[in-house]
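Computation of the quantities below employed the complete heavy-atom set of this structure, encompassing side-chain atoms and omitting hydrogens, waters and symmetry-equivalent molecules. All ligand and atom numbering here is 1-based and tracks the order in the structure.
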Amino acid sequence: MIVVTGATGGLGSATVEHLLKRVPADQIGVSVRDTAKAQHFADRGVRVRQGSYEDPGDAFAGAEQVLLISGNDPAADLVSLHGRAIEAAVAAGARRIVYTSQHGAAPDNPYLPSGLHLATEAILGDSGVAWTALRNGAYGPLDQVLGPWQQTGEIAQPEDGPVPYTDRADIAEATAALLAGDRSVDGPVTLAAPTAVTFGDFAEIASGLTGRTIKRVVLDDESWVAAQVANSAPEQATHFMLTWYQATRAGYFAESGPLLAELLGREPRTVADRLAETI
Ligand SMILES: NC(=O)c1ccc[n+]([C@@H]2O[C@H](COP(=O)([O-])OP(=O)(O)OC[C@H]3O[C@@H](n4cnc5c(N)ncnc54)[C@H](OP(=O)(O)O)[C@@H]3O)[C@@H](O)[C@H]2O)c1
């Protein structure tokens with residue numbers, strides 16, 4: 001059985017949908033905090049059990065593989081929570097744990113989540129079972145990444161660097177292919193779109209798609225933080241995001257890899273494909 005955690009979230013639920021196309025439903029289980037939110041999977045024959053990283057319960061019983069979706073609570077001690085989930089998966093007899101790590105995870109990467117993903121990968125390395133860390137590319141919605149450029153005609157963000165912005169749906173499909181056994185991959189591996197682009201590239205692509213001149217406007221970090229906070233964004237979250245820009249401009253996300261396309265058996269969706277859909 002393949003047990004998926006976070007199956008009520010965006011990536012986990014889409015991964016289960018793709019698994020259902022590849023694996024009989026009775027070979028799929030989900031570990032969720034609120035089973036009512038996974039009733040649609042139960043209705044299709046998926047085993048739904050209550051479990052959290054704090055208290056995994058018996059949700060991993062019978063799992064050969066566990067997909068451990070990284071937690072999303074910035075206030076939580078995520079490394080400890082992931083550690084508990086890994087311990088429970090090993091105790092339940094899982095032979096492989098697949099973990100959703102982050103593209104560009106490196107000890108000196110200033111983007112704050114990097115450290116927690118590396119620490120979780122280290123726990124996996126000590127777990128005694130086979131493991132895969134999918135270092136997923138940035139898959140945030142493009143309107144959030146770029147801001148209101150369609151209204152303003154400008155991509156006004158801090159200085160950035162190249163990033164292979166990736167479609168979450170592609171990552172889910174590739175993750176399902178991996179779990180279904182299309183490929184076996186050990187340790188950390190990048191799962192991201194093949195081409196890294198900057199906001200300057202986005203402006204060119206958006207100009208081509210719209211026939212308007214979309215400008216790239218570089219804001220200095222302090223003005224950007226002040227504008228965000230004035231716009232009611234929480235200060236801590238704004239400083240957190242600033243570490244993202246710092247990491248992009250230092251080149252931490254510049255490199256990609258072929259695995260996403262290989263698992264999909266096709267080219268991943270490009271930022272141009274995705275931008276075109278929003279216009
Ligand atoms: N690569 C990227 O660009 C990127 C972007 C955003 C996030 N991420 C990371 O990737 C993860 C998955 O992304 P997503 O888009 O699917 O996020 P999401 O939609 O927020 O889903 C997160 C899932 O994790 C579950 N979860 C959180 N804390 C948990 C805990 N303590 N015990 C059990 N389950 C817990 C949530 O359960 P509930 O439904 O019960 O809340 C939800 O199902 C995120 O959690 C985050 O770590 C990566």
Side-chain angles (χ1 to χ4, degrees), residues 3-18 29-41 46 48-60 66-89 97-105 109 111-121 133-146 163-176 188-193 196 237 240-241 243-245 247-248 252-253 256-257 260 268-269 271 274:
V3 174
V4 176
T5 69
T8 46
L11 181 60
S13 62
T15 302
V16 174
E17 289 292 348
H18 281 288
V30 295
S31 164
V32 293
R33 293 197 281 198
D34 178 355
T35 54
K37 282 163 75 179
Q39 185 58 43
H40 59 296
F41 287 138
V46 171
V48 175
R49 287 199 178 165
Q50 203 280 332
S52 66
Y53 304 149
E54 291 81 350
D55 180 7
D58 67 352
F60 297 145
V66 170
L67 173 64
L68 176 59
I69 298 270
S70 48
N72 60 359
D73 177 0
D77 177 357
L78 289 176
V79 179
S80 299
L81 291 182
H82 295 161
R84 277 195 210 188
I86 291 165
E87 201 180 322
I97 300 170
V98 177
Y99 169 69
T100 60
S101 183
Q102 178 211 296
H103 178 220
N109 186 330
Y111 183 48
L112 292 172
S114 241
L116 88 88
H117 290 298
L118 287 175
T120 303
E121 289 180 5
L134 299 175
R135 290 184 169 175
N136 289 335
Y139 55 66
L142 292 184
D143 56 347
Q144 278 176 28
V145 172
L146 301 174
V163 177
Y165 294 97
T166 306
D167 188 357
R168 188 172 68 184
D170 278 351
I171 292 184
E173 186 176 340
T175 302
V189 65
T190 294
L191 197 62
F240 175 91
M241 265 316 292
T243 68
W244 160 259
Y245 296 113
T248 69
Y252 282 98
F253 305 114
S256 188
L260 181 62
R269 291 180 71 227
V271 291
R274 295 172 62 206

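- By the criterion of a heavy-atom distance under 4.0 Å, neither the backbone nor the side chain of Gln102 is placed next to ligand 1.
- Looking only at distances, no side-chain donor or acceptor of Arg33 sits under 3.5 Å from a matching main-chain atom of Ser52.
- Between the side chain of Ser70 and the main chain of Ser101, no donor-acceptor pair closer than 3.5 Å is present.
- Residues Asp170 and Tyr139 fail the side-chain proximity criterion, which asks for heavy atoms closer than 4.5 Å.
- Counting protein heavy atoms under 4.0 angstrom from atom 17 (O) of ligand 1 gives zero.
- When hydrogens are left out, the protein atom nearest atom 40 (O) of ligand 1 is Arg33 NE, 3.0 Å; that is the closest non-hydrogen contact.
- No N or O atom of Ile69 sits closer than 3.5 Å to an N or O atom of ligand 1.
- The shortest heavy-atom distance from Asp34 to ligand 1 is not under 4.0 Å.
- Looking only at heavy atoms of the protein, atom 31 (N) of ligand 1 is closest to Glu54 OE1, 3.0 Å.
- Contact analysis puts Arg168 in contact with ligand 1, with a non-hydrogen atom separation below 4.0 angstrom.
- Under the 4.5 Å side-chain criterion, counting only non-hydrogen atoms from C-beta, Leu146 is not in contact with Tyr165.
- Closest protein heavy atom to atom 24 (O) of ligand 1: Gly6 CA, 4.0 Å.
- Scanning all protein heavy atoms for the shortest distance to atom 9 (C) of ligand 1 gives Ser70 OG, 3.6 Å.
- Considering only non-hydrogen protein atoms, atom 19 (O) of ligand 1 sits nearest to Gly10 N, 2.9 Å.
- Protein heavy atom nearest atom 39 (O) of ligand 1, with residue, atom name and distance: Thr8 OG1, 2.6 Å.
- Without hydrogens or angle criteria, Asp167 side chain to Arg274 main chain gives no donor-acceptor distance under 3.5 Å.
- The proximity of Asn72 to ligand 1, defined as any non-hydrogen pair under 4.0 Å, involves the side chain as well as the backbone.
- Atom 1 (N) of ligand 1 has its closest protein heavy atom at Gly137 O, 3.2 Å.
- Residue-to-ligand polar distances place Leu11 within reach of ligand 1: an N/O pair is separated by less than 3.5 Å.
- The heavy atom nearest to atom 12 (C) of ligand 1, considering only Tyr53, Trp244, Tyr139, is found in Tyr139.
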Intermediate values then yes/no, side-chain hydrogen bond (donor to acceptor under 3.5 Å, both in side chains), Thr5 and Ser31
CA-CA 5 Å; Thr5 69; Ser31 164; over 6 Å; no

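- Side chains of Leu81 and Asp77 form no contact here, defined as non-hydrogen atoms less than 4.5 Å apart.
- Not a single heavy atom of Asp73 sits under 4.0 Å from any atom of ligand 1.
- Judged by distance alone, with hydrogens and angles left aside, the side-chain atoms of Arg49 form no donor-acceptor pair with the main-chain N or O of Pro56 at under 3.5 Å.
- Looking at heavy atoms from C-beta onward, Ser13 lies in side-chain contact with Phe41 at the 4.5 angstrom threshold.
- Using a non-hydrogen distance threshold of 4.0 Å, Ser31 does not register as a contact of ligand 1.
- Side-chain atoms of Leu68 and Val98, non-hydrogen and from C-beta on, never get closer than 4.5 Å to each other.
- For atom 21 (O) of ligand 1, the closest non-hydrogen atom on the protein side is Gly9 CA, 3.4 Å.
- Taking any N or O of Ala138, backbone or side chain, none lies under 3.5 Å from an N or O belonging to ligand 1.
- Results of the side-chain hydrogen bond (donor to acceptor under 3.5 Å, both in side chains) test with Arg135 over His117, Glu121, His103 single out Glu121 as the only residue that passes.
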